[in-house]
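Comments concern the structure below.
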Amino acid sequence: MSEPIVIVGAGIGGLSCALALAHRGLAVRVMERATQLEEIGAGLQLSPNACHCLRQIGTLEQVESAATAPNDIHVRSGRSGRTVTRLPLNPYLPGLYGAPYLVVHRADLQSALLAACLNHPSVDIHYGHAFASREPRSEGLERASFTTSSGTVAFDTPLLIGADGVWSAVRKTIPGAAEAAFSGRTAYRATLPAAQIPAAEMQDTGLWLGSEAHLVHYPLQNGTAFNLVALIKEDWNEETWSAPVSRQTFLKTFKRWSPAARTLLEKPDTWLKWALCGVEARAPWGVDRTLLMGDAAHGMLPFAAQGAAMAIEDGAVLAHLATRHLDAPDTLRQSYETARQERVAKVQALARSNGEIYHLSGPLALARDTFMRVAGAKNLLRRQDWIYRWQPPAL
């Protein structure tokens with residue numbers, strides 16, 4: 001096929017997929033509705049399975065230069081502040097899986113992927129193009145139309161990839177596809193300069209467990225910034241899916257937490273509140289010559305720290321299969337769903353389970369903490385072995 005593959009969305013999934021396709025000799029056209037890429041969210045975690053993919057597309061070294069490799073996940077009780085366990089990350093996980101466990105600012109990861117795309121002759125990026133519609137063509141192509149500031153443009157493509165997030169416009173054109181749904185959880189995000197944070201907190205990923213809420217934090221940008229995310233089980237009553245929040249109202253949720261946790265929570269002057277929405281992974285991911293990936297196909301709760309990783313994995317697998325089945329769209333779609341859906345659905349289930357476990361209270365919380373101490377940190381990490389040991393198909 002002479003026409004480029006079209007990817008809708010220049011987020012982490014779309015850009016990593018573009019690079020994976022380009023590394024396999026396929027031309028790619030990335031269409032982004034924004035007029036320029038801007039930071040959305042703050043920090044994210046990249047486990048070894050994601051880092052293997054980044055290494056394959058030539059971006060891991062640049063990402064590592066802007067990321068932090070925390071020593072442990074320091075798990076603590078939100079109420080008492082006592083340590084429950086420490087799960088070893090670096091250098092323990094690289095020794096097992098051959099790739100690091102990183103925490104990175106979303107903008108730094110996106111910038112590394114974007115720079116690699118701009119430097120690759122097979123990747124072409126267009127800003128200010130909002131997906132409008134698609135239709136199959138008799139010549140074995142898909143026609144994708146986009147709205148721009150100057151009108152509508154259309155491109156023929158052998159494959160249209162929807163990497164346009166939880167609220168995907170491409171997904172709306174696929175019969176039977178899942179709809180995004182509010183999870184009953186919200187995330188409150190803030191980023192602080194490292195100078196405001198105790199040095200001990202800048203070495204690890206922190207996980208504080210509490211009744212109906214938990215707190216995650218870790219260093220970013222080579223230890224110069226600190227990312228906090230508080231996750232709460234609550235309703236959503238805002239008009240949009242993200243909103244600023246009253247600091248005092250937010251802190252009431254944590255009034256019974258330990259002084260150490262509250263000291264961290266009280267540091268930011270402002271927090272941004274996000275609704276956590278999901279997309280059921282087992283619904284159809286495509287039709288004709290159109291396929292979904294990343295959050296568009298399977299938006300998930302962040303409680304397994306695998307949202308970005310699953311999108312990056314999708315891109316690697318989809319690129320691998322496209323080199324084999326681009327002329328057979330039904331085979332491509334079936335092979336892609338077979339390769340990805342069960343794994344992603346299993347990760348979604350783990351994230352939901354973690355959310356329930358993290359938010360236990362009373363005797364159940366005591367039993368959880370006791371089990372985590374007795375089981376041992378390395379045994380607990382083995383729950384994630386099936387995730388971390390995954391590697392992308394060879395080039």
Side-chain angles (χ1 to χ4, degrees), residues 9-20 22-23 30 32 34 36-74 89-94 97-120 123 125 127 163 187 189-197 199-206 216-229 268 272 294-295 302 305-313 315-316 388 392:
I12 289 166
L15 294 176
S16 62
C17 183
L19 286 170
H23 273 70
V30 181
E32 170 56 44
Q36 62 181 12
L37 293 187
E38 298 178 350
E39 172 201 338
I40 298 177
L44 53 82
Q45 303 184 55
L46 296 171
S47 49
N49 46 307
C51 289
H52 277 298
C53 296
L54 296 177
R55 178 182 288 143
Q56 188 178 75
I57 59 177
T59 57
L60 180 59
E61 185 174 349
Q62 185 176 349
V63 171
E64 281 188 289
S65 70
T68 302
N71 297 331
D72 304 302
I73 299 176
H74 186 186
L89 296 179
N90 296 291
Y92 178 67
L93 293 185
Y97 303 114
Y101 192 110
L102 303 175
V103 290
V104 64
H105 199 289
R106 184 178 294 271
D108 290 335
L109 173 58
Q110 193 168 21
S111 294
L113 294 170
L114 178 60
C117 284
L118 293 174
N119 288 327
H120 202 293
V123 181
I125 300 179
Y127 298 102
R189 306 175 189 272
T191 304
L192 292 170
Q196 297 184 25
I197 304 300
E201 301 291 0
M202 297 296 297
Q203 307 302 314
D204 302 318
T205 290
V216 178
H217 56 71
Y218 42 82
L220 292 176
Q221 298 178 312
N222 280 322
T224 63
F226 189 73
N227 184 61
L228 297 102
V229 185
L272 186 62
D295 283 351
Q306 287 295 311
M310 290 300 106
I312 293 168
E313 285 187 16
Y388 296 162

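- Applying the ring-ring contact (aromatic ring centres under 6.0 Å, His included) test to H120 and every residue at least two apart in sequence or in another chain returns H23.
- Annotation: side chain to side chain donor-acceptor pair (under 3.5 Å) contacts of D72 (sequence neighbours excluded): none.
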Pairs of donor and acceptor atoms involving the side chains of residues 43-51, under 3.5 Å and at least two apart or interchain, shall be tabulated with distances.
{"residue": "Q45", "atom": "OE1", "partner": "Y101", "partner atom": "OH", "Å": "2.7"}
{"residue": "S47", "atom": "OG", "partner": "N49", "partner atom": "OD1", "Å": "2.5"}
{"residue": "S47", "atom": "OG", "partner": "Q306", "partner atom": "NE2", "Å": "2.7"}
{"residue": "N49", "atom": "ND2", "partner": "Q306", "partner atom": "OE1", "Å": "3.1"}
{"residue": "N49", "atom": "ND2", "partner": "E313", "partner atom": "OE2", "Å": "2.8"}

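- Residue P268 comes nearest to L228 through the heavy atom pair CG-CD1, 4.3 Å, listed as atom of the first residue, atom of the second, then distance.
- The backbone N or O of A66 lies less than 3.5 Å from no partner atom in the side chain of H105, so there is not a single donor-acceptor pair.
- Residues A18 and C117 share a closest heavy-atom pair of CB-SG, 4.2 Å.
- Here CG of N71 is found 12.0 Å from CE of M202. Values are rounded to the nearest 0.5 Å.
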Q: Decide side-chain contact (heavy atoms from CB on, under 4.5 Å) for L113 and L54; before the verdict, give the C-alpha distance in whole Å, the side-chain angles of both, and the deciding distance to 0.1 Å.
A: CA-CA 9 Å; L113 294 170; L54 296 177; 4.1 Å; yes
Q.
Set out, in order, the CA-CA distance, both residues' side-chain angles and the distance that settles side-chain contact (heavy atoms from CB on, under 4.5 Å) for N227 and V103, then state yes or no.
A. CA-CA 10 Å; N227 184 61; V103 290; over 6 Å; no
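- Between atom CG of residue L192 and atom CD1 of residue I197 there is a gap of 5.0 Å, rounded to the nearest 0.5 Å.
- Applying the salt bridge (charged side-chain N to carboxylate O under 4.0 Å, His left out) rule to E64 yields no partners; only residues at least two apart in sequence or on another chain are considered.
- Qualifying side-chain contact (heavy atoms from CB on, under 4.5 Å) partners for Q62, counting only residues two or more places apart in sequence or in other chains: S65, A112, A115.
- Partners of D204 according to the salt bridge (charged side-chain N to carboxylate O under 4.0 Å, His left out) rule, which considers only residues two or more places apart in sequence or in another chain, are R86.
- Residues forming a side-chain contact (heavy atoms from CB on, under 4.5 Å) with P302 (at least two apart in sequence, or on another chain): L231, L276.
- In this view, A10 and L15, V30, E32, L37 satisfy the side-chain contact (heavy atoms from CB on, under 4.5 Å) rule, not counting sequence neighbours.
- The shortest non-hydrogen separation linking T59 to A116 is CG2-CB, 3.7 Å.
- No side-chain heavy atom of P100 sits less than 4.5 Å from a side-chain heavy atom of L93.
- Not counting sequence neighbours, the partners of Q56 by the side-chain contact (heavy atoms from CB on, under 4.5 Å) test are R24, P392, L395.
- Under the ring-ring contact (aromatic ring centres under 6.0 Å, His included) criterion, F226 pairs with H217, not counting sequence neighbours.
- Counting only heavy atoms from C-beta outward, the side chains of I125 and L114 approach each other to under 4.5 Å.
- Note that CG of L102 and OG1 of T68 are 8.5 Å apart. Values are rounded to the nearest 0.5 Å.
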